[in-house]
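Side chains included, hydrogens not; waters and symmetry mates left out as well; all remaining heavy atoms used. Because the structure is predicted, anything quoted here is derived from the model rather than measured. We number each residue from 1, following the sequence as shown.
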Amino acid sequence: MAKLKILEFPDPRLRKKAKPVENVDAVLGQLIDDMFETMYEAPGIGLAATQVDVHRRVLVADVSNEKNEPWVLINPVILEQDGVEVTEEGCLSVPGYYEAVERAEHIRVRYLDRDGAEVESEFEGLLAVCVQHEMDHLEGKLFVDYLSEAKRQRIRKRLEKDRRVRQEERATVF
C-alpha cells in the first residue's frame, strides 16, 4: 500500500467532476487500499478519489472510533434523503478549518461495493454526513462552498500563506 498526496484547497484539481468507474478490478482495489491508508494516517473519516487527484467516482469512509467499519462506495447515487443535520465539518483538503454545514440526516444510496456488486444502503447521522461530504468532492464541490464568500476567501488566503511558510521552511533545511 502507498500513502497518497491529498490535494489542498484552492487546488483547481479539486473542482474536477469525477467520471464513473467502468471496471472494478485489481487496479481499483489497490487505489481503494491506498485511499484507506491515506485516510487513516491523515487522520480522517472519509476520502474521495478526487482528493488524491484520481477523478473517478470512488469514496471510502470509516466513522468508527476503532477504525474497523470501512465503507467503499463506487459510483454512488443518492436515491432518497430526509431530515436535517447541522454538523461541524472539516476536510482533509482544507486542513485545520471546521465550520457548521447543513446536510440531510438520513440518506439511501445505490452504489457498487468493492467487489462490483450493486448495493443499496441507508445511512444516518455522522456516516450520512460523511458520505454526502465525499460525494460532493466527486462533483467538484467542497464544504467551503457552503460558507460565505468572505469566509471562503479568508480560508483560502490562510491556507496559501501556510503553504508558502512550509515551502520556505523546507528550503532552509540543510
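A cation-pi arrangement is found for Lys141 relative to Tyr146, the charged atom lying closer than 6.0 Å to the ring centre and inside a 45° cone about the ring normal.
Counting heavy atoms from C-beta outward, Glu139 and Asp145 have side chains that stay 4.5 Å or more apart. Put simply, the side chain of Ile74 reaches to within 4.5 Å of the side chain of Ile32, judged on heavy atoms. In this structure, Ile155 and Leu147 have side chains that are in contact, with non-hydrogen atoms separated by less than 4.5 Å. Residues Asp53 and His55 meet the side-chain proximity criterion, which asks for heavy atoms closer than 4.5 Å. At a threshold of 4.5 Å between non-hydrogen side-chain atoms, the residues Tyr97 and Leu159 count as touching. Residues Arg114 and Asp33 are in side-chain contact: their nearest non-hydrogen atoms beyond the backbone lie under 4.5 Å apart. Here the side chains of Arg164 and Glu160 are in contact, with some heavy-atom distance below 4.5 Å. Taking the side chain as every heavy atom from C-beta outward, Tyr111 and Ser121 approach each other to under 4.5 Å.
When all heavy atoms of Pro10 and Arg163 are compared, the pair lying nearest together is CD-NH2, 3.2 Å. Taking every heavy atom of both residues into account, Cys130 and Gly46 meet most closely at SG-CA, 3.8 Å. Here the closest heavy-atom approach between residue Pro76 and residue Val109 is recorded as CB-CG1, 3.9 Å. Summarising the geometry of Met35 relative to Ala48, their closest heavy-atom pair is CE-C, 3.6 Å, with the distance given to 0.1 Å.
Atom NZ in Lys3 sits 6.0 Å away from atom CD1 in Ile6 (nearest 0.5 Å). Note that CG of Leu14 is 8.0 Å distant from OG1 of Thr50, once rounded to the nearest 0.5 Å. For the atom pair Glu122 CD and Leu127 CG, the distance stands at 12.0 Å (nearest 0.5 Å). To the nearest 0.5 angstrom, Ser148 atom OG is 6.0 Å from Arg154 atom CZ. Between Leu4 atom CG and Thr38 atom OG1 the span is 3.5 Å, to the nearest 0.5 Å. We find the NE2-CZ distance between His106 and Phe123 to be 10.0 Å, quoted to the nearest 0.5 Å.
Connection of Leu7 to Val58 is not established within any shared hydrophobic cluster, with ILVMFWY side chains joined at heavy-atom distances below 4.5 Å, either directly or through further cluster members. Cluster membership for Leu31 and Leu138, using ILVMFWY side-chain heavy atoms within less than 4.5 angstrom, is not shared. Note: the hydrophobic cluster containing Leu59 does not contain Val54 (ILVMFWY, side chain heavy atoms under 4.5 Å, direct or indirect links). Linking Ile, Leu, Val, Met, Phe, Trp and Tyr residues whenever their side-chain heavy atoms come within less than 4.5 Å places Leu73 and Ile107 in a single cluster. When the side chains of ILVMFWY residues are joined at heavy-atom separations under 4.5 Å, either directly or via intervening members, Leu92 and Val131 end up in two distinct hydrophobic clusters.
Around the NZ atom of Lys67, the shell of radius 6.0 Å holds more than 12 heavy atoms that belong to other residues, nucleotides or ligands. Within a 6.0 Å radius of CD in Glu124, other residues, nucleotides and ligands contribute 12 heavy atoms or fewer. For Glu149, the CD atom sits in a packed shell: over 12 heavy atoms of surrounding residues, nucleotides or ligands are nearer than 6.0 Å.
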Practice problem: Mind running side-chain contact (heavy atoms from CB on, under 4.5 Å) on Arg103 and Thr87 for me, showing each step along the way? | Solution: CA-CA 8 Å; Arg103 303 228 185 236; Thr87 306; over 6 Å; no

- request: Might you work through the side-chain contact (heavy atoms from CB on, under 4.5 Å) test for Leu28 and Asn23, ending with a clear yes or no?
  value: CA-CA 8 Å; Leu28 185 66; Asn23 296 312; over 6 Å; no

Discussion item. Is there a side-chain contact (heavy atoms from CB on, under 4.5 Å) between Ile45 and Met39? Walk through the geometry before answering.
Written reply: CA-CA 7 Å; Ile45 61 170; Met39 179 189 76; 5.6 Å; no

Evaluate side-chain contact (heavy atoms from CB on, under 4.5 Å) for Arg110 paired with Val119, printing each intermediate quantity in order. CA-CA 6 Å; Arg110 182 177 53 238; Val119 179; over 6 Å; no

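The backbone N or O of Val21 lies less than 3.5 Å from no partner atom in the side chain of Arg56, so there is not a single donor-acceptor pair. Using a distance-only test at 3.5 Å, with no hydrogens or angles considered, no donor-acceptor pair links the side chain of Ser93 to the main chain of Gln51. A donor-acceptor pair is defined here as one N or O able to donate and one able to accept, closer than 3.5 Å; no such pair exists between the side chain of Arg108 and the backbone of Glu120. A donor-acceptor pair under 3.5 Å links the side-chain atoms of Arg152 to the main chain of Val144, judged by distance alone. A donor-acceptor pair under 3.5 Å links the side-chain atoms of Asp62 to the main chain of Glu69, judged by distance alone. For the pair Gln132 (side chain) and Ala104 (backbone), a donor-acceptor distance under 3.5 Å is present. At least one donor-acceptor pair closer than 3.5 Å links the side chain of Arg15 to the backbone N or O of Gly140.
Judged purely by distance below 3.5 Å, without hydrogens or angles, the side chains of Gln30 and Asp34 pair a donor atom with an acceptor atom.
Relative ring orientation between Tyr40 and Phe36 is described as parallel, the plane-to-plane angle staying below 30° on a 0-90° scale split at 30° and 60°.
Residues Asp162 and Arg166 are not paired through a salt bridge, judged by the lack of any N-O separation under 4.0 Å between the basic side chain and the carboxylate. Between Lys5 and Asp11 there is no salt bridge, since no side-chain N of the basic residue sits under 4.0 Å from a carboxylate O of the acidic one. The existence of a salt bridge linking Arg156 and Glu8 is excluded, since no basic side-chain nitrogen approaches an acidic carboxylate oxygen closer than 4.0 Å.
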